[in-house]
Amino acid sequence: MSTHTDLFQLPGAALSSRFLLGSAGYPDPQTLARAIAASGTQVLTVGLKRTLQAGDNGFVAGALQAAQAQGARLLPNTAGCRSAREAINLAQMARELYGTRWIKLEVIGDEHTLQPDPFELLSAAQTLVREGFEVFPYCTEDLVLCRRLLDAGCPLLMPWGAPIGSGQGLNNIAGLRSLRQRLPDTTLIIDAGVGAPSHAAQALELGFDAVLLNSAVSQARDPVAMAGAFKAAIEAGRAAYRAGLMATQDFAVPSTPVSGHAFLLGSAP
C-alpha cells in the first residue's frame, strides 16, 4: 500500500511516517542518530527542561542534524512541568530557541502515575493557543477534557496508553476506542505507556493516527533494532486498520461453509 496516498496530517505538515520519536535516555548521541534513521520518523521530540537542567553539550544540535537529514521536524515538549505557569514559560523559551510554534504540552498532576493535571493542562493550553502556539496536549482518554482542549483551539490530542515509562501498553481499550469513535475527525496520537511493537500496532489498528514513544526504544538492549521493529509494527497496524479488521464474536463461526453439497477439489462439475 503506497504511503503517498495515506499521509498523516499535523499543523502545517503532511507526513508519511506515523512514528513520533522521543530523544531522551539514549546511551550516546550516535545511537540516537542511528535510531532516528531506523525509525524513519519525521517528528522528533525534545524535553527542554531536562536539557536546560542537565546541560546540552551539543546533544540537541546533533539530534536535530540527524533528524533534519531525513526531513524530520522538532517538537519541543514541557516534560517535567507541574503548573500551567511553568509550562507556559518553558513553551515561550522553546519558541525562542527552536523557532517553532509546535509545543507538546505536558503538565503533570500526580508524582506516582505522572498523570496529567486536567485543570492546569487546560489553562495552559488556552493561554498558549492565544499566544499563537500549535498545542499538542498530553492528556488522558477523558472525553470531556478532550473536548475542552479541542474547544480551546488545540489541533490534535495525545491521550496516554498507560503511565509514562511503564511499558504497560493500552490500559483502557474501551475508553480509547470510545474516544476514537466520538472524535472521528480529530487527529489522535497515542503517547506514553507503549512498551512493545505489538502495543503500537494495536493503537494503529484501533484507528489512532500515530504513536509517540521514547523509553521503549532508548532503553532497549539494541535501540536501533528496536526503532526498526516499531517502524514495521506501526506500518502493519495502519495497513490492517485500512484493510478492515474482522468483527469479533462471542461464539465460534466456522470458516468453511457447512451447508450445500460436498465436492472434491479438482473433480468434474
Side-chain angles (χ1 to χ4, degrees), residues 8-15 17-25 36 41-54 56 59-61 63-64 67-68 71-109 114-140 142 145-160 164-165 183 186-192 208-214:
F8 171 46
Q9 298 290 335
L10 289 180
L15 309 177
S17 171
R18 295 169 182 271
F19 185 176
L20 286 68
L21 185 65
S23 57
I36 290 171
T41 188
Q42 293 176 300
V43 178
L44 182 73
T45 67
V46 173
L48 182 57
K49 187 172 185 178
R50 295 192 183 115
T51 300
L52 292 174
Q53 289 176 340
D56 182 5
F59 186 85
V60 173
L64 273 175
Q68 289 170 342
R73 297 187 176 208
L74 180 67
L75 174 60
N77 68 61
T78 63
C81 290
R82 264 62 180 178
S83 70
R85 174 45 54 192
E86 188 180 12
I88 292 166
N89 289 341
L90 201 63
Q92 292 167 340
M93 292 175 62
R95 182 164 61 181
E96 292 297 321
L97 281 172
Y98 300 122
T100 177
R101 295 191 301 127
W102 286 8
I103 189 73
K104 181 193 164 193
L105 180 61
E106 288 188 34
V107 185
I108 299 303
L114 297 181
Q115 181 173 339
D117 182 323
F119 307 102
E120 294 292 303
L121 179 69
L122 180 59
S123 175
Q126 291 168 331
T127 298
L128 290 171
V129 168
R130 285 197 298 271
E131 294 185 2
F133 283 89
E134 298 284 3
V135 179
F136 298 24
Y138 164 63
C139 55
T140 67
D142 185 292
L145 171 62
C146 287
R147 282 178 166 159
R148 294 291 180 87
L149 290 166
L150 294 173
D151 290 343
C154 296
L156 55 88
L157 300 170
M158 305 184 77
W160 69 350
I164 293 173
L183 302 175
T186 300
T187 297
L188 298 177
I189 302 170
I190 289 292
D191 180 12
F208 284 82
D209 297 282
V211 173
L212 188 154
L213 59 95
N214 188 149

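Just so it is clear, the structure is predicted and the values come from calculations on it, not from any experiment.
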Once you round to the nearest 0.5 Å, how far does [atom1] of [X] lie from [atom2] of [Y]?
X	Y	atom1	atom2	result
Leu121	Thr78	CG	OG1	8.5 Å
Met93	Ile88	CE	CD1	14.5 Å
Leu157	Cys139	CG	SG	5.0 Å
Thr45	Lys104	OG1	NZ	6.0 Å
Gln92	Leu97	CD	CG	12.0 Å
Arg18	Ile190	CZ	CD1	13.5 Å

Item to complete: For side-chain contact (heavy atoms from CB on, under 4.5 Å), just list the numbers for Ile108 and Cys81, CA-CA rounded to whole Å, side-chain angles, deciding distance to a tenth of an Å, and then say yes or no.
Response: CA-CA 6 Å; Ile108 299 303; Cys81 290; over 6 Å; no
Practice prompt. Let me know which of Pro116, Pro118, Pro159, Cys146 forms a side chain to side chain contact (heavy atoms under 4.5 Å, CB included) with Thr140.
Written response: Pro116
Go through the structure and list residues passing salt bridge (Lys or Arg N to Asp or Glu O under 4.0 Å) with [X], not counting sequence neighbours.
X	result
Arg147	none
Asp209	Arg180
Glu131	none
Arg85	none

Worksheet item: Got a sec, which pairs hit side chain to side chain donor-acceptor pair (under 3.5 Å) with one end in residues 151-160, sequence neighbours left out?
Response: Glu141-Trp160
For [X] versus [Y], what's the shortest heavy-atom pair and its separation?
X	Y	result
Leu213	Val211	CD2-CG1, 3.8 Å
Cys154	Val129	N-CG2, 4.2 Å
Ile189	Leu212	CG2-N, 3.9 Å
Gly47	Asn77	CA-OD1, 3.2 Å
Glu106	Ala87	O-CB, 4.3 Å

Practice prompt. With side-chain contact (heavy atoms from CB on, under 4.5 Å) as the test, would you mind laying out the steps for Leu156 and Leu188 before giving the verdict?
Written response: CA-CA 6 Å; Leu156 55 88; Leu188 298 177; over 6 Å; no
Side chain to side chain contact (heavy atoms under 4.5 Å, CB included) partners of [X], counting only residues at least two apart:
X	value
Glu120	Ser83, Ala84, Val107, Asp117
Gln126	Leu122, Arg130, Ala152
Ala94	Leu48, Pro76, Tyr98, Ile103

Fill in: Pairs satisfying salt bridge (Lys or Arg N to Asp or Glu O under 4.0 Å), at least one member in residues 88-102, at least two apart
Arg101-Glu134
Fill in: Derivation and outcome, side-chain contact (heavy atoms from CB on, under 4.5 Å), residues Thr41 and Ile36
CA-CA 6 Å; Thr41 188; Ile36 290 171; 4.2 Å; yes
Fill in: Donor-acceptor contact below 3.5 Å, side chain Arg82 vs main chain Gly80
yes
Quick one: does [X]'s side chain get under 4.5 Å of [Y]'s, heavy atoms only?
X	Y	result
Thr186	Leu150	yes
Phe8	Leu20	yes
Leu21	Val43	no

Worksheet item: With a cut-off of 6.0 Å (strictly less than), are more than 12 heavy atoms of other residues, nucleotides or ligands near CZ of Arg148?
Response: no
Practice prompt. For Ser23 and Asn214, run side-chain contact (heavy atoms from CB on, under 4.5 Å): C-alpha distance rounded to whole Å, both residues' side-chain angles, the deciding distance at 0.1 Å, then the answer.
Written response: CA-CA 7 Å; Ser23 57; Asn214 188 149; 5.6 Å; no
Discussion item. According to ring-ring contact (aromatic ring centres under 6.0 Å, His included), who are the partners of Trp102, at least two apart in sequence or on a separate chain?
Written reply: Phe136
Item to complete: Just jot down the side chain to side chain donor-acceptor pair (under 3.5 Å) partners of Glu86, sequence neighbours excluded, or say none.
Response: Lys49
